[in-house]
S.K.: 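Pasting a structure here, questions to come.
Numbering of ligands and ligand atoms starts at 1, following listing order.
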Amino acid sequence: MDIKTAIYTGSYPRYDLCPEAKLPEFAFIGRSNVGKSSLINMISGRKGLAHVSKTPGKTQAINFYLMDETWYLVDLPGYGYARTGRKTRAGWSRMIADYLQHRPTLQCAFVLIDVNVPPKSNDKEFTDWLGENGIPFVLVYTKIDRISKTKLGQNLEPIRNTFLESWNELPREFFTSSEKKIGRDEILEFIQEVNASI
Ligand code: GTP
Ligand code: MG
């Protein structure tokens, strides 16, 4: 699937200031530096659309990107990075929690997990919280270009096991590399399926 137009529509400090909730949207969320903004650029096919940085905490507000004038990709600030402002129990901001709980057009949260590092407790706390709040989500493993197939398998096991402590089955999983453009078709196909089912 080709994306013909990709437009940055704005950056919003609160969910109730976001664009009118009229079109389906898909939010990218995960620990700081996991690769959310890079993935938005890879999926949209526009290199400089979202701001990428080696310094964690680059994305600070809720950023909207309009695709083909019909659906949004939403880039959220990362969690697990000390910032000012009110925090919920595991360190993601009130802004993120409010957005996820109150946005009627949110179809699915893409929870990004870096497969190069061992499972982190805040990822588990965050996905548990999504479950408690009935927010649909899928898992997106990032930066798979940095790891061998064998190591990937080894690293996935504890990540999946941690997850299965809370859930009976794994949600849908995507394997991605923004660097090597891996996983784009699968994610776009998924988005297309969801959009077609609305
Ligand atoms: P915050 O906005 O700070 O929460 O970070 P983010 O999750 O948006 O991460 P961002 O896309 O800014 O990327 C963080 C760093 O990881 C940058 O140095 C990227 O170049 C690097 N990175 C992102 N995706 C990949 C990938 O697929 N492969 C590799 N090797 N590096 C990546
Ligand atoms: Mg970012």
S.K.: Do any N/O atoms on T176 end up under 3.5 angstrom from N/O atoms on ligand 1?
M.R.: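 In fact, backbone or side chain, T176 has no N or O that close.
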
S.K.: Are any of the N/O atoms in S53 less than 3.5 Å from those in ligand 1?
M.R.: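 In this structure, S53 places an N or O atom under 3.5 Å from an N or O of ligand 1.
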
S.K.: I need the nearest protein heavy-atom contact for atom 18 (O) of ligand 1: residue, atom name and distance, please.
M.R.: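 Result for atom 18 (O) of ligand 1: K54 CG, 3.4 Å.
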
S.K.: Please check whether V52 reaches ligand 1 - meaning an N/O of the residue sits under 3.5 Å from an N/O of the ligand, judged on distance alone.
M.R.: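 There is no such contact.
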
S.K.: Just to verify, which of T5, L23, L73 counts as forming a side chain to side chain contact (heavy atoms under 4.5 Å, CB included) with L66?
M.R.: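 Checked T5, L23, L73 against L66; only one passes side chain to side chain contact (heavy atoms under 4.5 Å, CB included): L23.
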
S.K.: Answer with yes or no whether the hydrophobic clustering places V74 together with I135; edges join I, L, V, M, F, W, Y residues whose side-chain heavy atoms lie under 4.5 Å apart.
M.R.: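 Shared cluster, yes.
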
S.K.: With a 4.0 Å cut-off on N to O distance, would you call K143 and E179 a salt bridge?
M.R.: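 Not counted as a salt bridge, because no side-chain N and carboxylate O are separated by less than 4.0 Å.
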
S.K.: Considering only the protein, which heavy-atom contact is closest to atom 13 (O) of ligand 1, and what is its distance?
M.R.: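 Checked against all protein heavy atoms, atom 13 (O) of ligand 1 sits closest to S38 OG, 3.5 Å.
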
S.K.: Give the residue and atom name of whichever protein heavy atom lies nearest to atom 7 (O) of ligand 1, and the separation in Å to one decimal.
M.R.: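 Looking at atom 7 (O) of ligand 1, the protein heavy atom closest to it is K36 NZ, 2.7 Å.
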
S.K.: Considering only the protein, which heavy-atom contact is closest to atom 27 (O) of ligand 1, and what is its distance?
M.R.: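 It is S178 N, 2.7 Å.
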
S.K.: Show which atoms of ligand 1 fall inside a sub-4.0 Å distance from at least one heavy-atom site of G35.
M.R.: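 Those qualifying, in numeric order: 6 (P), 7 (O), 9 (O), 10 (P), 11 (O), 13 (O), 23 (C).
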
S.K.: Would you say M67 and I7 are hydrophobically clustered, going by side-chain heavy atoms of ILVMFWY under 4.5 Å?
M.R.: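 No, M67 does not connect to I7 through the hydrophobic network.
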
S.K.: For ligand 1, which part of P56 has a heavy atom less than 4.0 Å away: the side chain, the backbone, both, or neither?
M.R.: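 Within the 4.0 Å criterion, P56 contacts ligand 1 through backbone atoms alone.
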
S.K.: Spell out, as yes or no, whether a donor-acceptor pair under 3.5 Å connects the side chain of T9 to the backbone of F64.
M.R.: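 Side chain of T9 to backbone of F64: a pair is present.
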
S.K.: What are the two closest non-hydrogen atoms of D114 and T142, and how far apart are they?
M.R.: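 Scanning both residues completely, I find the closest heavy atoms to be CA-OG1, 3.4 Å.
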
S.K.: Checking a contact table here: which protein heavy atom is nearest atom 22 (N) of ligand 1, and how many Å away?
M.R.: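 Answer, as residue, atom name and distance: K143 CE, 3.7 Å.
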
S.K.: Provide the number and element of each atom of ligand 1 under 4.0 Å from a heavy atom of S177.
M.R.: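 Those of ligand 1 that fall under 4.0 Å from S177 are 27 (O).
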
S.K.: What residue and atom, counting heavy atoms only, is the protein's closest point to atom 28 (N) of ligand 1, and at what distance?
M.R.: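 Its nearest protein heavy-atom neighbour is D145 OD1, 2.7 Å.
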
S.K.: Does I113 belong to the same Ile/Leu/Val/Met/Phe/Trp/Tyr cluster as L130, with side-chain heavy atoms less than 4.5 Å apart forming each link?
M.R.: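 Yes.
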
S.K.: Tell me which part of R146 gets within contact of ligand 1: side chain, backbone, both or neither, using heavy atoms under 4.0 Å.
M.R.: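 Side chain only.
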
S.K.: Can you find an N/O atom of V34 closer than 3.5 Å to an N/O atom of ligand 1?
M.R.: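 Yes, since at least one N or O of V34 sits under 3.5 Å from an N or O of ligand 1.
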
S.K.: How far is atom 5 (O) of ligand 1 from its nearest protein heavy atom, and which residue and atom name does that atom have?
M.R.: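 For this ligand atom, the closest protein heavy atom is N33 N, 3.1 Å.
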
S.K.: Taking backbone and side chain together, does S32 place any N/O/S atom at a distance below 2.8 Å from the Mg ion (ligand 2)?
M.R.: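 It does not; every qualifying atom lies at 2.8 Å or beyond.
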
S.K.: Does a side-chain N-to-carboxylate-O contact under 4.0 Å join E173 and R160?
M.R.: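 Salt bridge: yes.
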
S.K.: Could you check whether F190 and F174 have their ring centres less than 6.0 Å apart?
M.R.: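 Here the rings of F190 and F174 have centres that are less than 6.0 Å from each other.
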
S.K.: Looking only at heavy atoms, which two atoms of F110 and L112 are closest? And how far apart?
M.R.: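 So the two residues come closest at O-CD1, 3.4 Å.
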
S.K.: Tell me if the centroids of the rings in Y72 and F26 come within less than 6.0 Å of each other.
M.R.: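 No, ring centres 6.0 Å or more apart.
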
S.K.: Give the residue and atom name of whichever protein heavy atom lies nearest to atom 2 (O) of ligand 1, and the separation in Å to one decimal.
M.R.: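 Atom 2 (O) of ligand 1 sits closest to the protein heavy atom T59 OG1, 2.8 Å.
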
S.K.: Which atoms of ligand 1 sit under 4.0 Å from any heavy atom of G78?
M.R.: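 Listed by number with element: 4 (O).
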
